[in-house]
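Let me begin by presenting the structure, written as structure tokens, before commenting on it.
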Amino acid sequence: MNTESGMPWFEDQKRSGNLPTATDSALHFPKNFLWGTATSATQVEGHITNEWTDFVAPDGNHCRVACDHYNRYREDIQWMQHLGVKAYRLSIEWSRLQAAPNAPLNRAELDRYCDKLDCLNAAGITPMVVLHHFSNPLWIYRNGGWTNPATVAAFQNFVSQLIPALRSRVRLWNTFNEPDTYASCTYQLGEFPPFHKVRIRSFRAVIDHMAIAHHSACELIRQAGSTVGPVEVGFTKNWTHFGTLKPNRPWDWFMAKTSHTIFNRWVIHAFTRAGRNKAATFQGLNYYGRVRFHNGHSLTPARGRSREELARLGVYSDDMFERYPFGLETVLLDLHLESGLPIYITEHGSACSDEAFRIADLRANLTCLQRAITRGADVRGLFYWSLMDNFEWQFGYTKKFGLLSVNFSGEQLTRRLKPIASVFQKACVTNCVP
Ligand code: FCB
């Protein structure tokens, strides 16, 4: 297979000596580096009632069954064992567990999550539990969601019941997944329920309330401890680099600068200043790539440009964003200096039907990650997004990030390994860039 297909960028980088080539000696990761994979409840479980249940994506699909992971988690854990992953990042769905403010958690649903966690631990796969991944109970959502300060106390109540129930199974906790993406898509871009646009005050309120809730969740988790090992906890920041296609374009520069300030800088400060991150033990990072602006438009397939059209401009993308492996190295070194905390890459992956492109891209990103580590970034693990193709929020099932494919048109929702799975498996098993 020609692993460089469609990626002249990689060939250029190798020719100029910026990327190691296959003939260089093996690029090792640190001992105990945690290789994992990730999903989230709304995207894979199915049979959930939250604000996404009635949403119909432009492809005409919804998340009501999704991958039916709710019923098939035992099979999916076997797939994880086959892949050789040592960890699995999953989210626990608040709407399943709590029917009203301060209500006791639903025993049957809690038992089901406990069983899943027991199966993971028995399979030698360490669970990392995410407390909030883009979804809420309807009684929270209908009451203003995270713009309402009362949501902070409601979340605290949920977490204070959940942690004692799971502390004998879980030691790795991830409080919030990408508050930046969530607040942007709900109140800036109109892409997630409640689909509002340019509501900067709501955006700020969401981030602020999540930052406060993050802090109290970290304290609760640290106080409770875990019987399966030392507790680790942190929130996850999405990091997207913003830039311009061409220099000396003031309007494009302004758009890139403003996006960076609001999406990256402001969010990270809201979460880390005023002692709000002092109980965290790690920084989570989700990294996909970059967005460049040209003549006032962002150059991404996620915003309606075709990959071919973008490639003609020198912008190499999967079906979502421009790929930018060097950006992984720079953000890791910056975040490490800024937070002083160890980092887990809680999501990284690509969506594309061209597996050769995905494989080349994975190798390039892992090479840059390995180099960031040798240059001093303290990175403890990487979770591939995603274990399987799933419900990709506003895009329905059209963006395929899986190591496994899922046949969504068949009743059986059959899973199959994609070519990239064996490359990722090699990384998990050899602890080297594959
Ligand atoms: C991240 C989300 C995850 C998935 C990937 C592709 O922003 O956390 O749920 O949508 O992007």
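One-based numbering, in listed order, for ligands and for the atoms of each.
Separating the CZ atom in Phe235 from the CZ atom in Phe282 is a distance of 10.0 Å, to the nearest 0.5 Å.
In this pair, Trp52 and Phe55 present their aromatic rings perpendicular. The plane angle is above 60°, beyond the 30 to 60° band.
With Phe176 as the fixed residue, the ring-ring contact (aromatic ring centres under 6.0 Å, His included) test singles out one of Phe134, Tyr182, Phe155: Phe155. Applying side-chain hydrogen bond (donor to acceptor under 3.5 Å, both in side chains) to Glu392 and the options Lys400, Lys399, Gln43 leaves one that passes, Gln43.
Evaluation of the ring-ring contact (aromatic ring centres under 6.0 Å, His included) rule for Tyr88 yields no partner, not counting sequence neighbours.
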Anything under 3.5 Å between an N or O on ligand 1 and a protein N or O? List each pair with its distance, or write none.
unit_1: ligand 1; atom_1: 7 (O); unit_2: Glu178; atom_2: OE1; d: 2.6
unit_1: ligand 1; atom_1: 7 (O); unit_2: Glu178; atom_2: OE2; d: 2.9
unit_1: ligand 1; atom_1: 8 (O); unit_2: His133; atom_2: NE2; d: 3.3
unit_1: ligand 1; atom_1: 8 (O); unit_2: Asn177; atom_2: ND2; d: 2.9
unit_1: ligand 1; atom_1: 8 (O); unit_2: Glu347; atom_2: OE1; d: 3.2
unit_1: ligand 1; atom_1: 8 (O); unit_2: Glu347; atom_2: OE2; d: 2.8
unit_1: ligand 1; atom_1: 9 (O); unit_2: Gln43; atom_2: OE1; d: 2.8
unit_1: ligand 1; atom_1: 9 (O); unit_2: His133; atom_2: NE2; d: 2.8
unit_1: ligand 1; atom_1: 9 (O); unit_2: Trp393; atom_2: NE1; d: 3.0
unit_1: ligand 1; atom_1: 10 (O); unit_2: Glu392; atom_2: OE1; d: 2.9
unit_1: ligand 1; atom_1: 10 (O); unit_2: Glu392; atom_2: OE2; d: 2.8
unit_1: ligand 1; atom_1: 10 (O); unit_2: Trp393; atom_2: NE1; d: 3.1

Verdict with supporting geometry, Asn390 and His69, side-chain hydrogen bond (donor to acceptor under 3.5 Å, both in side chains): CA-CA 10 Å; Asn390 59 46; His69 180 68; over 6 Å; no

